[in-house]
Amino acid sequence: MRATRTIIGLLIIIFLALPILVGVIWTVGVTKAAVSPELISDLPREIIDEFPRYLDDIIRDAQDPSVIRDADTRTWFTAVSRASMKPTDVLERSGISGWMEGELSRSLAKIGETLRGQRDPDPISLDLRPLKEALRSGEIERYVEDVLQQLPACDEEGLNAWMVLADRSSWEFEDLPPCLPDMDLALSVMRAELTADVDDVPDEVEFFEGVDFIPFGFSKVVVWLSYLLFLIPAGFLILGSLVGSSSAGSFCRWFGVSTFIGGLIPLGMSLFVGGITHWAIRWAPHMKTEEWSSDLGLLILGKIDWIPMMIVDKIFSPVAVVSGVVCIVGVFFFAVSFLMGRNK
């Protein structure tokens, strides 16, 4: 009879309690990450602060033949580097940096305050009209003209390529010939593309539109509600432990060991998957270089790979933390079992 109860208890724990517990830990961890102010508001603000430095690094390295094998791409970046203004200066003078540090940063800060429960979830509007005006500013056009003047003169083939672009509704950077045709022709091509891209940008973006007041903070409510899911695996763990045990002490050991294993599995999974994801972000693109038309994409990925890796860390870290807490709970009940006496 006791052996039968032990087998039934093990079956309940192995096939019901543990799979559900692992799933709930991942659900709670990912939910906590998804509504985290650190992921939604703080990380973008950090990216804004670091962006200019990485832009300068990309421009410098893009002129290196050992990094960028395509001569046309190197010619364009050489022209960019020879312009009288640096791209970071253009961002500042045109007002793009001011919009990022002002309007965008304030909106992200408000989103973070809402998620932390420091303000009501009133609609937050991100005004994109100043950004659009900055992109249409004369500073941008003067900079483009400055860069174009650093290019070598076009031959007949290059001139024809520019004329083809003038007839297109859109084009990619790789399509640009690395030479200067008639300045009016080049500026009209660049201006038409920039105008089309800016027109596609909405005037504003609304956050928390239609969201009523939520006490204690949006993220806190969502996370606390997700914690209620632990009642499901806890019920099966208690059931399995009650069936398989024969005393209060053995029940605590059953419950403690099962809970510890249930926390250890997702902890190992989160560390393993996070490590594999880091490796994939850093190395996988280099394994398929033939799929890139130039090395520019690989260069950019190499410079900004810290962004997706930080996102990965902020997603998997809560899973590891929740798993660790579950493991501690398991160790606690296992230790308590020895205070209650061993099962005879």
Side-chain heavy atoms of [X] within contact of [Y], under 4.5 Å:
X      : Y      : value
Met269 : Val22  : yes
Trp254 : Leu237 : no
Val319 : Lys32  : no
Ile20  : Leu229 : no
Phe230 : Ile232 : no
Leu128 : Asp203 : no
Ser270 : Val273 : no
Ile59  : Pro87  : yes

In terms of hydrophobic clusters joined by side-chain contacts under 4.5 Å, are [X] and [Y] together?
X      : Y      : answer
Ile13  : Leu10  : yes
Val164 : Trp171 : no
Ile261 : Phe15  : yes
Ile124 : Leu104 : yes
Val201 : Leu91  : yes

Indicate yes or no for a side-chain donor-acceptor contact from [X] to the backbone of [Y] under 3.5 Å, with no hydrogens or angles considered.
X      : Y      : answer
Trp162 : Cys179 : yes
Ser188 : Leu185 : yes
Ser337 : Phe334 : yes
Ser137 : Ala134 : yes
Asn160 : Glu156 : yes
Trp99  : Asp127 : yes
Ser241 : Phe255 : yes
Ser317 : Lys314 : no

Say you draw a straight line from [atom1] of [X] to [atom2] of [Y]; how long is it, rounded to the nearest 0.5 Å?
X      : Y      : atom1 : atom2 : result
Thr88  : Arg93  : OG1   : CZ    : 10.0 Å
Thr75  : Leu176 : OG1   : CG    : 12.0 Å
Tyr143 : Ser84  : OH    : OG    : 9.0 Å
Leu231 : Ile238 : CG    : CD1   : 9.0 Å
Ile25  : Leu264 : CD1   : CG    : 10.0 Å
Ile12  : Leu239 : CD1   : CG    : 4.0 Å

Check: Phe316 ring centroid to Trp26 ring centroid under 6.0 Å: yes

Are the ring centres of Tyr227 and Trp224 closer than 6.0 Å? yes

For atom [atom1] of [X], decide whether the heavy atoms of other residues, nucleotides or ligands shown that lie under 6.0 angstrom number more than 12.
X      : atom1 : result
Arg60  : CZ    : yes
Phe236 : CZ    : no
Met183 : CE    : yes
Lys86  : NZ    : no

Salt bridge (Lys or Arg N to Asp or Glu O under 4.0 Å): which pairs involve residues 96-110, sequence neighbours left out? Glu103-Arg106

Considering non-hydrogen atoms only, spot the tightest contact between [X] and [Y] and give its length.
X      : Y      : result
Ser258 : Leu18  : O-CD2, 3.3 Å
Arg5   : Ser245 : NH2-O, 3.2 Å
Pro123 : Glu206 : CB-OE1, 3.9 Å

[X] side chain to [Y] side chain, donor-acceptor N/O pair below 3.5 angstrom:
X      : Y      : result
His278 : Asp313 : yes
Gln63  : Ser81  : yes
Ser250 : Ser247 : yes

Using 4.0 Å as the upper bound for N to carboxylate O, is an ion pair formed by [Y] and [X]?
X      : Y      : value
Asp64  : Arg74  : no
Arg82  : Asp146 : no
Glu145 : Arg142 : no
Lys132 : Asp199 : no

Excluding sequence neighbours, so at least two apart, what forms side chain to side chain donor-acceptor pair (under 3.5 Å) with Thr195? none

